Amino acid sequence: MRSPKDFFRPLAVGAPTPVREIPFRPSRMIHFFDPSNEKMAAKVPSIAAQVDVLLGNLEDAVQADRKEAARDGLVAIAKATDFGETQLWTRINSLDSPWVLDDLLTLVTEIGHKLDVIMVPKVEGAEDIHYVDRLLAQLEAKAGLERPILVHAILETATGVANVEEIAGASPRMQGISLGPADLAASRRMKTTRVGGGHPGYLVREDPRPGDTDAPRATHQQDLWHYTIARMVDACAAHGILPYYGPFGDIRDTTACEDQFRNAFLLGCVGAWSLHPVQIDIAKKVFSPAPAEVAWARKVIAAMGDGTGAVMIDGKMQDDATYKQCQVVATLADALAARDPELRDAYAAAEKE
Ligand SMILES: CC(=O)SCCNC(=O)CCNC(=O)[C@H](O)C(C)(C)COP(=O)(O)OP(=O)(O)OC[C@H]1O[C@@H](n2cnc3c(N)ncnc32)[C@H](O)[C@@H]1OP(=O)(O)O
Ligand SMILES: O=CC(=O)O
Ligand SMILES: [Mg+2]
């Protein structure tokens with residue numbers, strides 16, 4: 001293990017100095033596209049204007065014989081496009097694949113100055129992050145980059161979940177972690193065949209009614225992902241990095257997608273993946289605190305003065321702890337409003353009510 005004194009030292013001569021804190025940038029939706037798919041690539045300029053993060057995907061969902069086309073496509077798109085305030089991320093192939101070395105060599109040297117974050121799939125432990133960390137430092141030095149590229153891990157193996165705390169703290173580059181429910185289900189040998197979401201068989205049933213044991217008993221579907229998301233959120237919060245829900249594969253079931261995203265938001269996640277244009281607005285809606293909630297948070301903050309003591313507002317007790325919760329909501333709203341003028345107006349209108 002490196003000495004804590006060396007944690008923030010560059011890992012290669014000439015590499016940029018690692019960041020001390022992960023800057024919060026809106027990332028309500030990480031929009032995936034396949035850079036080798038001409039139709040999707042053609043939509044990049046218009047989609048870039050609608051999303052917080054655009055991610056050129058090189059890993060799963062890109063056919064094996066299209067891997068190089070996807071990599072080259074991403075380089076061409078990044079060079080040709082002005083992304084404005086929208087972040088550009090990529091998901092590289094897994095560390096044991098035949099493509100990942102060329103993914104990193106090509107992307108960092110060709111478009112490293114435009115890449116904000118590299119998403120690393122199937123991370124199992126700190127050693128995976130350490131490998132990427134050193135290689136990125138060498139490549140950044142070679143490319144003459146002035147700011148470090150950040151790293152995002154996908155939590156999608158049972159071993160990765162067991163090691164999530166050490167993954168979150170493995171490098172100052174660690175920007176965040178996404179839940180990868182599809183690969184995680186396979187790794188855990190879960191008996192599902194879907195990408196995220198619930199399952200009708202995973203439920204609890206009400207007790208039999210005393211004296212009427214034959215009466216129908218209601219069932220309630222449970223959330224398959226609650227434990228993992230909560231664990232991931234704690235690991236991220238403990239290390240000052242950002243947690244995300246990952247993909248929701250039932251593109252047509254926009255209602256269940258919204259529910260899954262909202263569960264993640266309420267538990268502490270800051271965003272989710274959008275796999276199809278229809279999921280962009282769902283993520284935008286869910287991961288932006290509702291105007292009424294923001295207005296309430298500001299009311300509590302104003303009433304609490306220096307944030308200590310206890311007051312009653314509308315019959316509810318407020319103290320130092322609710323003050324802190326309200327600050328989380330208000331700070332997020334401020335950051336999102338700075339990026340999204342519609343949201344800024346909605347928050348201002350709700351405060352006047
Ligand atoms: C488990 C995991 O790893 S999840 C992450 C990996 N998976 C992905 O990245 C999947 C990304 N998304 C996709 O591949 C596609 O959206 C699919 C396969 C799910 C559905 O694609 P389609 O069947 O073409 O959907 P649909 O017909 O509704 O598309 C409508 C239009 O939106 C385009 N489109 C679909 N998805 C996207 C996208 N992610 N980004 C940009 N444009 C898109 C289509 O090309 C199509 O364009 P057109 O109107 O010019 O023909
Ligand atoms: O990569 C994502 C997943 O769910 O698997
Ligand atoms: Mg996966």
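Atoms within each ligand, like the ligands themselves, are counted from 1 in listed order. When reading the values below, keep in mind they use all heavy atoms of this one structure, side chains included, and skip hydrogens, waters and symmetry mates. All values reported here derive from a predicted model rather than from experimental measurement.
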Inset, instruction - Under the salt bridge (Lys or Arg N to Asp or Glu O under 4.0 Å) rule, what do Asp314 and Lys299 come out as? Steps first, then yes or no, please. - result: CA-CA 11 Å; Asp314 300 348; Lys299 188 170 167 178; 3.5 Å; yes
Inset, instruction - Quick one: sort the Tyr245 and Phe261 rings into parallel, tilted or perpendicular, breaks at 30° and 60°. - result: tilted
Considering heavy atoms of the protein only, find what lies nearest to [atom] and give residue, atom and distance to 0.1 Å.
atom	value
atom 45 (O) of ligand 1	Lys39 CB, 3.7 Å
atom 13 (C) of ligand 1	Met40 CE, 3.4 Å
atom 29 (O) of ligand 1	His276 NE2, 3.5 Å
atom 50 (O) of ligand 1	Lys43 NZ, 2.7 Å
atom 1 (C) of ligand 1	Ala182 CB, 3.8 Å
atom 37 (C) of ligand 1	Pro277 CD, 3.5 Å
atom 40 (N) of ligand 1	His31 NE2, 2.9 Å

Legend entry - Lys284 with Asp52: basic N within carboxylate O range, under 4.0 Å: no
Inset, instruction - Verify the distance criterion only: is there a donor paired with an acceptor across the side chains of Thr106 and Glu110 at less than 3.5 Å? - result: no
Inset, instruction - Output the set of protein residues with a heavy-atom contact under 4.0 Å to ligand 2, ordered first by chain identifier and then by residue number. - result: Arg91, Glu156, Gly180, Pro181, Ala182, Asp183, Pro247, Trp273
Inset, instruction - Tell me who clusters with Trp296, hydrophobic residues only, linked when side chains sit under 4.5 Å apart either directly or through other members. - result: Val300, Ile301, Met304, Val311, Ile313, Tyr323
Inset, instruction - Would you mind listing the cluster partners of Phe7? Hydrophobic ones only (ILVMFWY), side-chain contacts under 4.5 Å, chaining allowed. - result: Phe8
For ligand 1, the portion of [X] having any non-hydrogen atom under 4.0 Å away:
X	value
Leu275	both
Ile47	side chain
Arg91	side chain

Between [X] and [Y], which heavy-atom pair has the shortest distance, and what is it?
X	Y	value
Thr192	Ala185	OG1-CB, 3.6 Å
Glu166	Ala126	OE2-N, 2.8 Å
Gln260	Gly198	OE1-N, 4.4 Å

Legend entry - Approximate separation, where rounding is to 0.5 Å, of Asp319 CG and Lys324 NZ: 8.5 Å
Inset, instruction - Report the distance from atom OG1 of Thr157 to atom NZ of Lys122, rounding to the nearest 0.5 Å. - result: 9.5 Å
When you measure from the side chain of [X] to the backbone of [Y], do you find a donor-acceptor pair of N or O atoms at a distance under 3.5 Å?
X	Y	value
Thr109	Ala143	no
Arg147	His113	yes
Arg134	Leu11	yes
Lys114	Thr81	yes

Inset, instruction - For the Mg ion (ligand 3), report each protein N, O or S atom nearer than 2.8 Å, sorted by chain and then by residue number. - result: Glu156 OE1, Asp183 OD2
State the atoms of ligand 1, each with its element, that fall below the 4.0 Å cut-off from a heavy-atom position in [X].
X	answer
Pro247	4 (S)
Asn57	6 (C), 9 (O)
Ala61	6 (C), 7 (N), 8 (C)

Yes or no, since that's all I need: does a protein heavy atom fall within a distance strictly under 4.0 Å of [atom]?
atom	value
atom 16 (O) of ligand 1	yes
atom 34 (N) of ligand 1	yes
atom 8 (C) of ligand 1	yes
atom 26 (P) of ligand 1	yes

Inset, instruction - Dump the intermediate steps for side-chain contact (heavy atoms from CB on, under 4.5 Å) on Asp334 and Leu332, then the final yes or no. - result: CA-CA 5 Å; Asp334 287 343; Leu332 175 59; over 6 Å; no
Inset, instruction - Step through the shown structure and confirm whether more than 12 heavy atoms of other residues, nucleotides or ligands are within 6.0 Å of CD on Gln222. - result: yes
Legend entry - CD (Gln138) with more than 12 external heavy atoms under 6.0 Å: yes
Inset, instruction - Check if Asp34 has a non-hydrogen atom at a distance under 4.0 Å from any atom of ligand 1. - result: no
Legend entry - Min heavy-atom dist Glu59 to ligand 1 below 4.0 Å: no
Inset, instruction - Check whether Val233 and Val161 end up in the same hydrophobic cluster, where Ile, Leu, Val, Met, Phe, Trp and Tyr are linked by side-chain heavy atoms less than 4.5 Å apart. - result: yes
Inset, instruction - Decide whether an N or O pair under 3.5 Å exists between Asp60 and ligand 1. - result: no
Inset, instruction - Using heavy-atom distances, let me know which of Leu184, Val51, Ile251, Ile154 sits nearest atom 19 (C) of ligand 1. - result: Ile251
Legend entry - Tyr244 ring center within less than 6.0 Å of His152 ring center: yes
